[in-house]
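Input: a single structure, listed below in structure tokens.
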Amino acid sequence: MNTELIKLTVTDGEEKYVKAAELLRESQVVGIPTETVYGLAGNAYSPEAVKRIFEAKGRPQDNPLIVHISEFSEIFDLVSEVPETAKKLANEFWPGPLTMILPKSDKVPLCVTGGLPTVAVRCPSHPIARTLIKISGLPLAAPSANLSGKPSPTKAEHVYKDLKGRVPMIIDGGECDEGVESTVITLAAEKPRLLRPGNITLSQLKSVLGEVEVDDAVLNPLKAGEKVSSPGMKYKHYSPDASISLVRGDYKDFCDFVNEHNDGETYAMVFSGEGEGVEIPFITYGVDRNYRELSHALFDSLRYLDEIGAKRCFVRCPDESNDDNLAVLNRLLRAAGFKVIDV
Ligand code: TXA
Ligand code: MG
């Protein structure tokens, strides 16, 4: 399949969206920018489109997709009830990087939800994503547009690298602002529970809802036989080819540790401004204490490790006592397969 890569800017008129909208109406899939990461979009009401999404990504069938809408009112088509908590959250954080899980309506096919009775809904803020939803007139099911298991794409070139020849079109809308996927919260459980941290932080959620539980799987590996709240938690994630380890400890000890691995294939990933005292090759990923900068750079840095042929990488661990770092910690722990080294 030929993959068309088209550039769109926020000032482009609706005529530039016609072809993408047509593809979506024909149950084809299109790579699209959102404010979090690039998504691989298809008509959420079309089992054929959904099948194509799973095939293009090589994604396990039981891992459900997020459905994207352009206005809050469109949620009523997708879910069977809209609790007060959902209205409050939408009021505060939509459009934006927050996904809510709610009981699904009959209109949503089970192939979208991986067979679950609930559906994940998000209203993105990215103007290109919103315009495409409006012009196509469809709710768009869209997982991150990476090959299953790889770090999520934050630039169109990442999508192209993973999905070239597997999808008919990728829209290049520039680099994603956030860099990590949306915060996922379930409102279908007894109490609101955070399933995947993102840049709508736990404290922001608490400021609207009061109490919010944090699912065990956010920071811990699954125990054998444990039931998951979100099927995505089961799978290996965000993994570059390089083997990642998170390293906990102060900077001096970090340097001493990594310097023992001066083999030409091992890299260090440190915070911006650091590097002095590191005797192996290193890259940076944003300033410590600035979760937005860290999350913005994280996946691009993980992908860069593959580009430079790194075999192994030791990553400076962000401050675990700060809940704002949950998203970056969660992604790094999964990229590392929960390998954490204390120095
Ligand atoms: O920012 C994002 O959320 C991006 C952009 C494209 O919008 N999308 C994204 O989709 O990250 P994906 O498919 O890569 O991750 C969706 C996550 C998965 O972990 C999945 O298991 C979970 O949401 N999920 C989806 N529907 C669910 C449901 N009904 N119940 C529990 N978890 C669900
Ligand atoms: Mg994903």
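Keep in mind it's a predicted model, so treat the numbers as computed, not measured. This chain uses plain numbering: 1 for the first residue, then up along the sequence. Remember, it's 1-based here, ligands and their atoms both numbered in the order they're listed.
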- Item | Nearest non-hydrogen protein atom, atom 19 (O) of ligand 1 | G232 CA, 3.4 Å

- Which segment of T186 sits under 4.0 Å of ligand 1 when only heavy atoms are counted: neither

- Message: At under 4.0 Å between heavy atoms, is it the side chain or the backbone of R59 that contacts ligand 1, or both, or neither?
- Response: side chain

- Among V67, L138, I69, V121, find the one that has a side chain to side chain contact (heavy atoms under 4.5 Å, CB included) with E74. I69

- Task: State whether a side-chain donor-acceptor pair under 3.5 Å links S144 with E181.
- Result: no

- Close aromatic pair by centroid cut-off 6.0 Å: F271 and Y285: yes

- Query: Out of V218, N220, V340, which residue meets the side chain to side chain contact (heavy atoms under 4.5 Å, CB included) rule with L333?
  - Reply: V340

- Under a heavy-atom criterion of less than 4.0 Å, does N63 contact ligand 1? yes

- Message: Could you check, using the six-membered ring where one of them is a Trp, whether F314 and H261 have ring centers closer than 6.0 angstrom?
- Response: yes

- Under 4.0 Å between heavy atoms, the region of L116 that gets near ligand 1 turns out to be side chain

- Message: Under 2.8 Å from the Mg ion (ligand 2), is there any N, O or S atom belonging to N146?
- Response: no

- Query: Between A142 and ligand 1, which part of the residue brings a heavy atom under 4.0 Å of the ligand: side chain, backbone, both or neither?
  - Reply: backbone

- Query: Out of T99, I101, T34, whose heavy atom is nearest to atom 28 (C) of ligand 1?
  - Reply: I101

- Task: Check whether the side chains of T99 and R196 place a donor and an acceptor atom closer than 3.5 Å, and report yes or no.
- Result: no

- Query: Counting heavy atoms only, which part of P97 comes closer than 4.0 Å to ligand 1: side chain, backbone, both or neither?
  - Reply: neither

- Any S229 heavy atom less than 4.0 Å to ligand 1: yes

- Any heavy atom of H68 sitting closer than 4.0 Å to ligand 1? yes

- side-chain hydrogen bond (donor to acceptor under 3.5 Å, both in side chains) partner of T34, the single match among R130, H68, R122: R122

- Any chance the side chains of D177 and H126 put a donor and an acceptor closer than 3.5 Å? no

